[in-house]
Amino acid sequence: MNILEKIAAHKKQEVAISKEEVPVESLELLPHYHRKCLSLRENLQKVQPGIITEFKRRSPSHPEINLTADVEKITAAYEAAGASGISVLTDEEFFGGSLDDLALARETVKLPLLRKDFVVDEYQIIEAKAMGADVILLIAAMLKPSEIRQFSALAKKLGLEVLLEVHNEEELKNNLFDTVDLIGVNNRNLKTFEVDLQFSKDLAEKIPGEYLKVSESGISDTAAIRELQKYGFQGFLIGGNFMKTEDPGKSAAEFIKELI
Ligand SMILES: O=C(O)c1ccccc1NCC(=O)[C@H](O)[C@H](O)COP(=O)(O)O
């Protein structure tokens, strides 16, 4: 099993337990479920280049990024730094995140929040809305096109935006639904962990103009942003480059300042 298969198998077990413990009817009673979502797409169009800063403590490729990171402190600092949106890892098993992190981030900032997790079931989309997310991630490498269509349609119905993550042309062309708002090219091959910004450059011209283009992973300097802008990317998802430093908010502020 590759890492995505492992994560998907674990997610399915996790979701089955969550459905028992917190049924959909209970999620629908939570206040955030009825809130109007903020638009990451609009924010990325307003400020160029738009940086989506990520809160993550660890990952399968980097098991010790910032294990004791404080979500309130860091998301507040990301907002002050000028981020256009924040990605919050909510997977516990593989990334050390939680839904509590998302809820705390929601209490802390007024920026659009991406629930960064591995969606395999509609339940997680309802959960994302109920816990204060504005955007969900759908990963083409782990879902069938019929699932991407179904999940993105539900997200839209709930007022959430959808970031579709692709890594190659086939994943892209099979999933161009009008219920997708943003297309993220992951520069990290999630099966091998190889990172190369060339993946974004190669796919850029194949992404139709109606989708906002986001480049994800492995971005570590502002020169990379300048280069990717030439290919039409408007959003840049950056995690480890900030989270690995002693003060992620300060690193993000310096990075964004260099771009404006
Ligand atoms: O990063 C991993 O090891 C990983 C493994 C399996 C699935 C997803 C994984 N990462 C998620 C991401 O793609 C990144 O958190 C995100 O794009 C930010 O990347 P970076 O700026 O390189 O931290």
Side-chain angles (χ1 to χ4, degrees), residues 1-12 14 40 44 49-67 69 71 74-75 78 81 83-98 101-102 105 113-120 124 133 135-143 163-168 171 182-200 203 212-225 227-228 233 235-245 248-249 251-252 255-256 259:
M1 268 208 264
N2 66 40
I3 186 68
L4 277 185
E5 290 163 343
K6 273 191 211 153
I7 293 176
H10 190 269
K11 266 306 137 190
K12 283 178 187 159
E14 220 177 78
L40 176 62
L44 293 173
I51 306 298
I52 307 164
T53 49
E54 182 161 275
F55 181 85
K56 72 173 165 187
R57 297 189 180 87
R58 59 181 163 88
S59 69
S61 61
H62 296 87
E64 292 191 11
I65 302 171
N66 194 335
L67 297 179
V71 70
I74 293 175
T75 54
Y78 277 164
S84 297
I86 302 177
S87 161
V88 180
L89 259 304
T90 56
D91 173 80
E92 190 152 4
E93 179 76 9
F94 300 90
F95 289 82
S98 69
D101 284 340
L102 177 63
L113 294 179
L114 165 67
R115 179 188 184 184
K116 193 100 191 297
D117 211 312
F118 300 85
V119 172
V120 293
Q124 294 160 285
V135 190
I136 57 149
L137 177 75
L138 297 177
I139 302 177
M142 68 192 298
L143 296 168
L163 170 62
L164 170 71
E165 179 175 300
V166 299
H167 185 66
N168 58 45
E171 289 174 5
L182 311 108
I183 294 189
V185 181
N186 199 340
N187 299 309
R188 179 175 289 116
N189 178 331
L190 295 183
K191 291 168 187 160
T192 62
F193 298 154
E194 178 209 358
V195 178
D196 191 338
L197 301 187
Q198 194 60 40
F199 287 109
S200 281
L203 274 187
L212 191 134
K213 296 186 189 64
V214 178
S215 183
E216 307 172 12
S217 304
I219 299 173
S220 57
D221 55 41
T222 52
I225 306 269
E227 179 68 8
L228 289 162
F233 286 92
F236 305 88
L237 175 58
I238 307 178
N241 186 56
F242 302 141
M243 288 301 301
K244 72 180 181 196
T245 66
S251 309
F255 191 95
I256 292 170
L259 288 165

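Remember, it's 1-based here, ligands and their atoms both numbered in the order they're listed.
Polar contact check, Ser61 against ligand 1: a nitrogen or oxygen pair lies under 3.5 Å apart. Considering backbone and side-chain N/O atoms, Asn241 never comes within less than 3.5 Å of an N/O atom of ligand 1. On a distance-only criterion, Ile3 and ligand 1 share no N/O pair closer than 3.5 Å. Taking only nitrogen or oxygen atoms, main chain and side chain alike, Ile7 does not reach within less than 3.5 Å of ligand 1. Taking only nitrogen or oxygen atoms, main chain and side chain alike, His62 does not reach within less than 3.5 Å of ligand 1. For the pair Glu216 and ligand 1, the shortest N or O to N or O distance does not fall below 3.5 Å.
Of all the heavy atoms of Glu54, the ones lying under 4.0 Å from any atom of ligand 1 belong exclusively to the side chain. By the criterion of a heavy-atom distance under 4.0 Å, the side chain of Arg188, and not its backbone, is placed next to ligand 1. Using a 4.0 Å cut-off between heavy atoms, Ile219 makes no contact with ligand 1 at all. Neither the backbone nor the side chain of Phe236 has any atom closer than 4.0 Å to an atom of ligand 1 (non-hydrogen atoms only). Only the side chain of Lys116 comes within contact range of ligand 1, with a heavy atom under 4.0 Å; no backbone atom does.
The nearest protein atom to atom 13 (O) of ligand 1, hydrogens excluded, is given as Asn186 ND2, 3.1 Å; this is a heavy-atom distance.
Every residue two or more places apart in sequence or in another chain that forms a ring pair (Phe, Tyr, Trp, His ring centres under 6.0 Å) with His10 is listed here: Phe94.
Side-chain contact check for Asn187 and Ser217: no donor-acceptor pair (N or O, by modelled atom type) lies under 3.5 Å. Side-chain contact of Glu165 with Asn186: a donor-acceptor pair under 3.5 Å is present, judged by distance alone. Inspection of the Asn241 and Ser220 side chains reveals no N or O donor paired with an N or O acceptor under 3.5 Å.
Scanning Phe242, Phe118, Phe193 for the heavy atom closest to atom 5 (C) of ligand 1 points to Phe193.
Among residues at least two apart or in separate chains, salt bridge (charged side-chain N to carboxylate O under 4.0 Å, His left out) pairs with a member in residues 51-64 are Glu54-Lys56, Glu54-Lys116, Arg57-Asp101.
Atoms of ligand 1 lying under 4.0 Å from at least one heavy atom of Ser59, given by number and element, are 1 (O), 2 (C), 3 (O).
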